[in-house]
Structures are given as C-alpha cells and as structure tokens.
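The block underneath contains the structure these notes are about, expressed in structure tokens.
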Amino acid sequence: MRHKSESDKEKLRAIYGAYKNRMYIAACKVLDDPYKAEDAVHEAFIAISNNLEKLSDTDSVSTASYVIKAAKNTALNMIKKQQREAVIPLDEIREKGEDRLLDELCTRENLKKVVSAILALDEKYRDVLSLYYLNELTVPEIAKTLSRKESTVKQQLVRGRKILISNIEKEVNYNGEQKRNA
C-alpha cells in the first residue's frame, strides 16, 4: 500500500465533502438500511483512496459518476455477500412476517437481475443505461461524460431500454420454461 501525499489526502477530503451525501443516498436506495449504507460509503471511500490516480478533477461529472458507482457497487457487493451467508434470524422473520421479508428479498433480487441485465448489454447501451439508472445522471451529464450528442444519448436510452426489457422478458420466459420442464 502506497503512502498518501498531502495532495492525495486533500483530494480525498474534497471528494468526501462533495459526494458523501449523494453516495449515501445511492447506497440507501440499494440497501434500504441507513446503517449498512454508511458502511458501504466508508468501504467505497477506502476503495476510492486506493484508486485516486483514476480521478483527475474532483468537480467533474466523471468523478461524480465514479464515486457514486463505487458506492452502489459496494452496496451491491454487500447484498451478494449477505445472500451467500443467507442465514435469516428467526426473530427477524417473526418481526416482519414471512411475506414482508420475502417481498424485500425479492425486490433486492430483482434489482440484482436488472443490474446484471444492464451489464450484459452492448457497451454503448450499457454505459448510457448505467449512468442514467445506476448513477442517476441526466441526459446532458451523460452526453458530456461520454462525449456524445444529447440526441444520441436519448436515442440510445430508448433503444437500450427496449433491448433491456426484451432480454429480461426472455430470461423470465426461459426460467419459467425450465421450471415447468423440471
């Protein structure tokens, strides 16, 4: 692990000050738990501190996109880890009721499937949809980040959504056929 220079420390402070709230909100949307979202933001900042050379200007759209994506990815990784460990305490089932708990798990599972479906798209659609839905950037911000015209970004959003919906429907139908044939 390399030692941080004063300029690196200042850069990290600036990034933290500028983006901690947006990162927290992004992590909360994924995790639906404020305490775990705080953990995700802290873990994301550790990863960011180890990759500061990838960030040039702390106030750029690309930096905003990078750090928010880092928070969301950290939150998603926390969910994956939790699912691998998948022990649900009986107290939690009693408190929430099985139906509500199942609904929460299904919602998180669907989010994971949508993110996986987005990541499986061709690069031009994947980039636009990721920035729009996962990083919550506007069309003008996406156009600037990707050096594309706004009209191109809008068109890629429309086409990308259609492809995404089609791919998800195919996956649902394929899994439904597998279950019926089993």
Side-chain angles (χ1 to χ4, degrees), residues 1 4 8-55 57-121 126-142 144-145 157 160-161 164-165 168:
M1 183 173 163
K4 303 289 183 225
D8 284 349
K9 290 177 184 177
E10 190 55 41
K11 186 187 228 181
L12 193 58
R13 280 188 206 103
I15 291 169
Y16 184 79
Y19 302 110
K20 68 179 178 205
N21 292 336
R22 288 177 64 187
M23 292 172 70
Y24 174 76
I25 290 167
C28 265
K29 286 181 180 179
V30 173
L31 293 166
D32 197 30
D33 181 328
Y35 300 109
K36 288 181 182 177
E38 286 177 9
D39 291 343
V41 170
H42 290 292
E43 285 183 36
F45 269 108
I46 291 169
I48 290 167
S49 73
N50 292 326
N51 294 292
L52 274 178
E53 69 279 356
K54 293 181 181 179
L55 305 172
D57 180 19
T58 57
D59 295 327
S60 71
V61 173
S62 61
T63 297
S65 174
Y66 181 86
V67 298
I68 292 169
K69 184 182 268 187
K72 285 186 178 185
N73 287 342
T74 302
L76 288 170
N77 287 339
M78 289 172 73
I79 289 172
K80 287 178 188 174
K81 182 180 178 187
Q82 185 178 354
Q83 288 174 343
R84 282 193 303 265
E85 295 168 356
V87 175
I88 302 172
L90 289 176
D91 294 344
E92 189 174 336
I93 292 174
R94 287 185 195 111
E95 282 177 23
K96 293 187 175 187
E98 289 181 13
D99 291 339
R100 185 162 173 221
L101 183 62
L102 185 59
D103 288 344
E104 286 181 26
L105 293 173
C106 288
T107 301
R108 290 180 185 164
E109 184 64 26
N110 286 335
L111 174 63
K112 182 178 144 187
K113 286 179 182 175
V114 171
V115 169
S116 295
I118 289 173
L119 296 176
L121 294 172
R126 177 182 61 233
D127 291 346
V128 170
L129 290 173
S130 293
L131 291 171
Y132 188 78
Y133 288 110
L134 303 178
N135 295 335
E136 299 174 355
L137 296 182
T138 63
V139 170
E141 289 172 329
I142 295 170
K144 184 178 177 184
T145 301
L157 274 171
R161 280 186 200 116
L164 180 65
I165 290 168
I168 291 172

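If you're wondering where the values come from, they're calculated on a predicted model, not measured in any experiment.
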Counting only pairs under 3.5 Å, give me each side-chain donor-acceptor contact of residues 13-20, with atom names and distances, residues two or more places apart or in other chains.
| residue | atom | partner | partner atom | Å |
| --- | --- | --- | --- | --- |
| R13 | NH1 | E10 | OE1 | 3.2 |
| Y19 | OH | T58 | O | 2.6 |

Would you confirm whether K11, through its side chain, and L52, through its main-chain N or O, come within 3.5 Å as a donor-acceptor pair? yes

Closer than 3.5 angstrom, by distance alone: can the side chain of T63 be matched with the main-chain N or O of D59 as a donor-acceptor pair? no

Gap between atom [atom2] of [Y] and atom [atom1] of [X] - 0.5 Å precision:
X    : Y    : atom1 : atom2 : result
L131 : K69  : CG    : NZ    : 6.0 Å
L164 : L157 : CG    : CG    : 11.0 Å
S130 : L119 : OG    : CG    : 5.5 Å
I68  : L137 : CD1   : CG    : 6.5 Å

Side chain to side chain donor-acceptor pair (under 3.5 Å) filter on E38, not counting sequence neighbours, yields none

Side chain to side chain donor-acceptor pair (under 3.5 Å) against T138, all qualifying residues, sequence neighbours excluded: E141

Quick check on F45: does its CZ atom have over 12 non-hydrogen neighbours (other residues, nucleotides or ligands) under 6.0 Å away? yes

Closest approach of [X] to [Y] (non-hydrogen atoms, all atoms of both residues):
X    : Y    : result
A40  : A71  : CB-O, 4.4 Å
A27  : V41  : CB-CG2, 4.4 Å
M78  : K36  : CE-O, 3.6 Å
I142 : V128 : CD1-O, 3.9 Å
M23  : I48  : CE-CD1, 3.9 Å

